[in-house]
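Beneath this line is the structure, given in structure tokens, with notes to follow.
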Amino acid sequence: MGVVITTLVENGRGEHLGLTCEHGLSFLIEKDGQSFLFDTGKSDTFLNNAKQLNLDPFRAQTIILSHGHYDHSGGVPHFLKSPFRRKEVELVVHPHFFRAKYSTDGARTEFLGNGFTRAEVEASKGRIRFAAPGVDEIAPGVYVISDFDKTHPEEQANPRFVFEEAGQLVHDTFADELMVAVETDKGLVLILGCAHPGIMNMIDTVKARLHKTIYAVVGGTHLVEADDRRMTSTVSYLKGLECAAIGVSHCTGPKAMAALEKADGRFFHNRTGSSLRIG
């Protein structure tokens, strides 16, 4: 049951200096002869990097999008319009994915949402599939998890994040967030986009619903905005997590990255071009 998970783009540059990094995140998941994309960064950089890595992202018939922020979904139009695209593609998203998302700071509001609509996806011969609530096994051993249990009260979304509803701006608790769990011979690999609902909440949800051993965790943790209480509890939680590797990325932030790497040798910066190979 060979599985390879490659980070096509992330904020940080890896050892391959021919790759381009950007504020965003994208993974190519290869399992049992099938390919899946989880997030697409903010531009076509993930496609260009895949070429440099001798990988073919267009083998993927499914793109899973973690949530409706531009730095995770911005590459979708580039994929759909590419002349190298060979197949009809399915976008797996939460039903709330197309909400208009913003950040606020006093009187200032800035759009942070998707740069495309459902109609534009369908006009490009893409299909929208709303993930089934809770756990959706989209392929054998590939699970999309949503609607996370809130077991850690310190994990709260920053109040600056909002979405538009009926003409009003409402606090965004990221009900649209998805994560992916991939089954391997050594256990589950959990893949996170930004973990806005909280990485502890999300991992606890996977444990409660799948009842499987966790081998590794990779992706964004959104600890970049965490206060001291949340930072301390998250580092302690991850240090006590039974798994072989934890590769943090993107919205983790330098302070949390340093704290995690200092806490345990299992932690590493999952950078642009990094791969996790199992089996």
Side-chain angles (χ1 to χ4, degrees), residues 10-11 24-25 27 38-39 64-69 71-72 93-97 99 101 103 112 131 133-136 143-163 170-182 188-212 214 216-243 245-261 263-264 266-267 269-270:
E10 195 265 342
N11 301 35
L25 195 59
F27 296 95
F38 181 51
D39 287 348
I64 307 143
L65 296 172
S66 64
H67 62 297
H69 271 170
D71 51 332
H72 294 259
V93 299
H94 191 277
H96 295 323
F97 174 80
R99 283 173 167 171
K101 290 174 173 276
S103 69
L112 297 179
V135 177
D136 188 354
Y143 306 92
V144 174
I145 318 294
S146 63
D147 306 314
F148 300 99
D149 303 326
K150 301 297 177 66
T151 54
H152 297 270
E154 66 270 37
E155 293 191 311
Q156 301 292 329
N158 193 308
R160 74 184 180 89
F161 291 121
V162 296
F163 65 89
V170 180
H171 180 219
D172 192 351
T173 59
F174 293 90
D176 63 321
E177 186 123 3
L178 307 175
M179 66 176 289
V180 175
V182 181
L188 295 175
V189 177
L190 309 187
I191 312 173
L192 309 167
C194 256
H196 286 288
I199 186 172
M200 296 184 288
N201 286 329
M202 296 172 81
I203 293 174
D204 279 356
T205 299
V206 171
K207 288 180 176 180
R209 294 180 188 169
L210 295 184
H211 306 287
K212 296 178 183 289
I214 296 172
V217 180
V218 295
T221 66
H222 220 273
L223 291 174
V224 66
E225 297 177 319
D227 59 21
D228 289 343
R229 178 191 174 209
R230 180 173 174 181
M231 182 79 73
T232 300
S233 63
T234 304
V235 170
S236 177
Y237 176 94
L238 292 175
K239 189 174 179 179
L241 183 67
E242 293 185 10
C243 69
I246 301 175
V248 291
S249 297
H250 180 46
C251 51
T252 299
K255 181 180 177 182
M257 197 85 68
L260 290 167
E261 289 179 341
D264 196 314
R266 296 173 303 155
F267 294 99
H269 182 185
N270 189 63

Are any of the side-chain heavy atoms of [X] and [Y] separated by less than 4.5 Å?
X	Y	value
Tyr143	Val180	no
Thr173	Pro197	no
Leu192	Met202	yes

Would you please classify the geometry between the His222 ring and the Phe161 ring as parallel, tilted or perpendicular, with 30° and 60° separating the classes?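 The arrangement is perpendicular - the two ring planes meet at more than 60°.
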Counting only heavy atoms not in Asp227, do more than 12 fall under 6.0 Å of its CG?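 More than 12 within 6.0 Å, yes.
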Main-chain N/O of [Y] paired with [X] side-chain donor or acceptor, under 3.5 Å:
X	Y	value
Thr234	Met231	no
Glu155	Ile199	yes
Arg266	Lys239	yes
Asn201	Lys150	no
Arg209	Ile145	no

How close do [X] and [Y] get, heavy atom to heavy atom, and via which atoms?
X	Y	value
Gly68	Lys101	O-CD, 3.2 Å
Ala195	Gly220	CB-O, 3.4 Å
Phe38	Ser66	CZ-CB, 3.6 Å
Val144	Ala131	CG1-CB, 4.0 Å
Arg230	Ser233	O-OG, 3.1 Å
Ala175	Arg99	CB-NH1, 4.5 Å

Does Val218 form a side chain to side chain contact (heavy atoms under 4.5 Å, CB included) with Leu190? I'd like the steps, not just the answer. CA-CA 6 Å; Val218 295; Leu190 309 187; over 6 Å; no
What's the separation between atom [atom1] in [X] and atom [atom2] in [Y], rounded to the nearest 0.5 Å?
X	Y	atom1	atom2	answer
Leu112	Asp71	CG	CG	8.0 Å
Leu188	Cys243	CG	SG	11.0 Å
Ile64	Met179	CD1	CE	11.5 Å
Glu177	Asp147	CD	CG	11.5 Å
Leu238	Asp264	CG	CG	9.5 Å
Asp172	Ser103	CG	OG	11.0 Å

For His196, run the ring pair (Phe, Tyr, Trp, His ring centres under 6.0 Å) check against Phe163, Phe148, Phe174 and tell me which one passes.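 Single pass found, and it is Phe174.
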Check whether the ring centres of Tyr237 and His152 lie less than 6.0 Å apart, and answer yes or no. yes
Are the aromatic rings of His72 and His67 close, with centres under 6.0 Å apart?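 They qualify: ring centres under 6.0 Å apart.
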Between the side chains of Asp149 and Lys207, is the shortest nitrogen-to-carboxylate-oxygen separation below 4.0 Å, so that they form an ion pair? no
Sidechain N-carboxylate O distance under 4.0 Å for Glu225, Arg160: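 Yes, Glu225 and Arg160 are salt-bridged.
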What's the verdict on side chain to side chain contact (heavy atoms under 4.5 Å, CB included) for Val217 and Ile214, showing C-alpha distance, side-chain angles and the deciding distance? CA-CA 8 Å; Val217 180; Ile214 296 172; 4.1 Å; yes
Taking it one step at a time, do Leu178 and Leu65 satisfy side chain to side chain contact (heavy atoms under 4.5 Å, CB included)? CA-CA 7 Å; Leu178 307 175; Leu65 296 172; over 6 Å; no
Report the C-alpha separation of Asp39 and Phe27 in whole Å, then their side-chain angles, then the decisive distance to 0.1 Å, and conclude whether the side chain to side chain contact (heavy atoms under 4.5 Å, CB included) test is met. CA-CA 6 Å; Asp39 287 348; Phe27 296 95; 5.7 Å; no
So, Asn270 and His250: side-chain donor and acceptor under 3.5 Å apart, yes or no? no
